[in-house]
Amino acid sequence: MPEGHTIHRLALDHRSRFEGERVRVSSPQGKFADGAALIDGHVMTRAEAHGKHLFLGFGQDRWVHVHLGLFGKLGFGATPAPPPTDTVRLRLVNATAYADLRGPTACALITDAEKHAIHDRLGPDPLRPEDDGSRAWQRISRSRTTIAALLLDQKVIAGVGNVYRAEVLFRHRIDPYRAGRDLTRAEWDALWADLVFLMAEGVRHNRIDTVRPEHLPEAMGRPPRVDDHGGEVYVYRRAHQGCHICGSEIRTAGLAARNLFWCPGCQPGTGGG
DNA sequence: ATTCCATGATCAG
DNA sequence: TGATCCTGGAATC
């Protein structure tokens with residue numbers, strides 16, 4: 001389940017398996033059959049990520065644009081590939097490896113120009129070395145929208161999802177309901193720097209861990225609880241449980257059609273009221 | 001067996 | 001704000 005770190009990790013995974021090699025491309029499910037036929041047998045020249053978007057390059061002016069959405073998954077394996085199930089939208093195969101894509105929001109063949117248009121509408125990505133947070137700050141510092149909503153707006157900052165949103169706000173003791181324009185530049189710079197760090201760790205370990213072990217009370221014992229999403233977190237999906245730091249009950253509320261989680265003790269403010 | 005829910009995003013109204 | 005698209009695992013009946 002994908003936030004930006006997942007997509008960047010997938011770009012690396014595609015490079016190591018397919019870059020520079022001819023790839024058999026098919027769409028067992030059929031929804032990408034036409035696109036697959038056009039690039040079947042071509043060399044994968046590049047694999048890139050920006051935010052939650054994955055771009056697989058097949059020669060000049062041809063990219064497969066993949067967006068996993070909420071349900072999409074990419075699974076890798078060694079050849080021989082098993083018979084595909086009927087939900088496999090895209091299958092890539094070379095001599096040694098295969099990749100199966102299921103349930104994506106987007107899987108389409110696009111041109112350079114279309115790819116550029118996608119980059120243009122995305123904000124800076126903490127995982128792209130050439131990006132920095134100042135462009136995001138231009139928007140945030142002028143916005144009356146809550147910082148929680150801004151962090152999920154991919155035009156503002158690309159790659160942050162519901163877990164990183166909740167966790168980074170907790171780590172910086174920021175009330176999710178504060179307006180963007182009420183943040184200080186120093187607060188934003190610290191949030192950005194932390195996202196750069198946390199998301200790089202996410203790529204490396206292929207999961208989201210945000211808890212500093214020394215923060216966990218002795219009483220919890222080690223190893224600490226691992227959330228059923230697979231990583232160690234402070235507040236995400238811990239509604240009505242005790243905060244690891246102050247013991248307050250973690251709160252939850254809907255915000256922009258997503259579930260928000262925060263600690264009213266560590267992140268003081270209006271809490272939406 | 002059925003419903004619910006999820007680390008996403010778009011579109012209509 | 002709500003409906004909708006995509007899949008699969010967990011919870012519930």
Side-chain angles (χ1 to χ4, degrees), chain A residues 1-11 27-33 35 49-55 64-75 82 84-91 99-108 110 114 117-123 125-127 145-146 148-171 176 194-195 198-211 226-240 250 252-262 272:
Chain A
M1 294 165 199
E3 297 196 18
H5 70 297
T6 302
I7 313 308
H8 282 261
R9 172 63 176 249
L10 288 171
S27 179
Q29 179 202 45
K31 284 193 184 177
F32 186 59
H50 185 169
K52 300 166 187 170
H53 297 256
L54 177 66
F55 303 97
V64 177
H65 171 222
V66 173
H67 194 296
L68 294 180
L70 190 50
F71 312 133
K73 283 192 175 66
L74 254 162
T85 58
D86 58 8
T87 57
V88 176
R89 180 80 57 89
L90 169 69
R91 169 169 277 192
D100 280 351
L101 169 67
R102 298 162 209 271
T105 287
C107 174
I110 63 170
E114 289 167 323
I118 292 168
H119 289 300
D120 287 346
R121 68 166 202 253
L122 291 173
D125 178 346
L127 289 172
T145 304
T146 62
L150 289 166
L151 284 173
L152 286 191
D153 184 342
Q154 303 296 300
K155 298 187 296 298
V156 174
I157 177 171
V160 174
N162 207 19
V163 183
Y164 282 123
R165 158 174 90 166
E167 293 296 304
V168 80
L169 289 174
F170 175 88
R171 284 164 60 99
D194 205 20
L195 287 167
L198 288 173
M199 294 176 76
E201 285 291 294
V203 174
R204 197 218 275 253
H205 300 293
N206 212 7
R207 62 179 227 182
I208 299 176
D209 292 299
T210 61
V211 172
V226 171
D227 190 89
D228 57 9
H229 74 287
E232 247 170 67
V233 290
Y234 287 107
V235 293
Y236 175 70
R237 275 172 54 162
R238 294 195 64 246
H240 311 121
I250 302 300
T252 185
L255 183 74
R258 313 300 299 284
N259 293 318
L260 175 65
F261 302 88
W262 78 100

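Heavy-atom basis, side chains included; hydrogens, waters and symmetry copies ignored. Numbers restart at 1 for each chain; the letters A, B, ... are given by sequence-line order, proteins then strands.
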Could you give the distance separating [M] and [N] at their [atom1] atoms, to the nearest angstrom?
N      : M     : atom1 : result
C:dG2  : B:dA6 : P     : 16 Å
C:dG9  : B:dA9 : C1'   : 22 Å
B:dT10 : C:dG8 : P     : 23 Å
C:dA3  : B:dC4 : P     : 14 Å

Across the strands shown, which category fits [X] at heavy-atom distances under 4.0 angstrom: base, sugar-phosphate, nothing?
X        : value
A:Glu167 : nothing
A:Lys155 : nothing
A:Thr87  : sugar-phosphate

Counting only side-chain N and O atoms of [X], is one of them less than 4.0 Å from OP1 or OP2 of [N]?
X        : N     : result
A:Asn162 : B:dA6 : no
A:His5   : B:dT7 : no
A:Tyr236 : B:dT7 : yes

Salt bridge (charged side-chain N to carboxylate O under 4.0 Å, His left out) involving A:Glu201 - partner list, sequence neighbours excluded
A:Arg204
Is A:Asp125 reaching over with its side chain to a backbone N or O of A:Gly51, donor-acceptor style, under 3.5 angstrom?
yes
Side chains of A:Leu195 and A:Ile157: closer than 4.5 Å at any heavy-atom pair?
yes
Do the side-chain N and O atoms of A:Thr85 and A:Arg102 include a donor-acceptor pair separated by under 3.5 angstrom?
yes
Value in whole Å for how far the [atom2] atom of [N] lies from [atom1] of [X]:
X        : N      : atom1 : atom2 : answer
A:Asn259 : B:dC5  : CG    : P     : 9 Å
A:His65  : B:dT10 : NE2   : P     : 10 Å
A:Leu68  : B:dA9  : CG    : C1'   : 12 Å
A:His53  : B:dT10 : NE2   : P     : 7 Å
A:Ile7   : B:dA9  : CD1   : P     : 9 Å
A:Ile208 : B:dA6  : CD1   : P     : 15 Å
A:Leu70  : B:dT10 : CG    : P     : 14 Å

Outer limits of DNA chain C sitting under 4.0 Å from a non-hydrogen atom of chain A, read 5' to 3', are C:dC6 to C:dG8
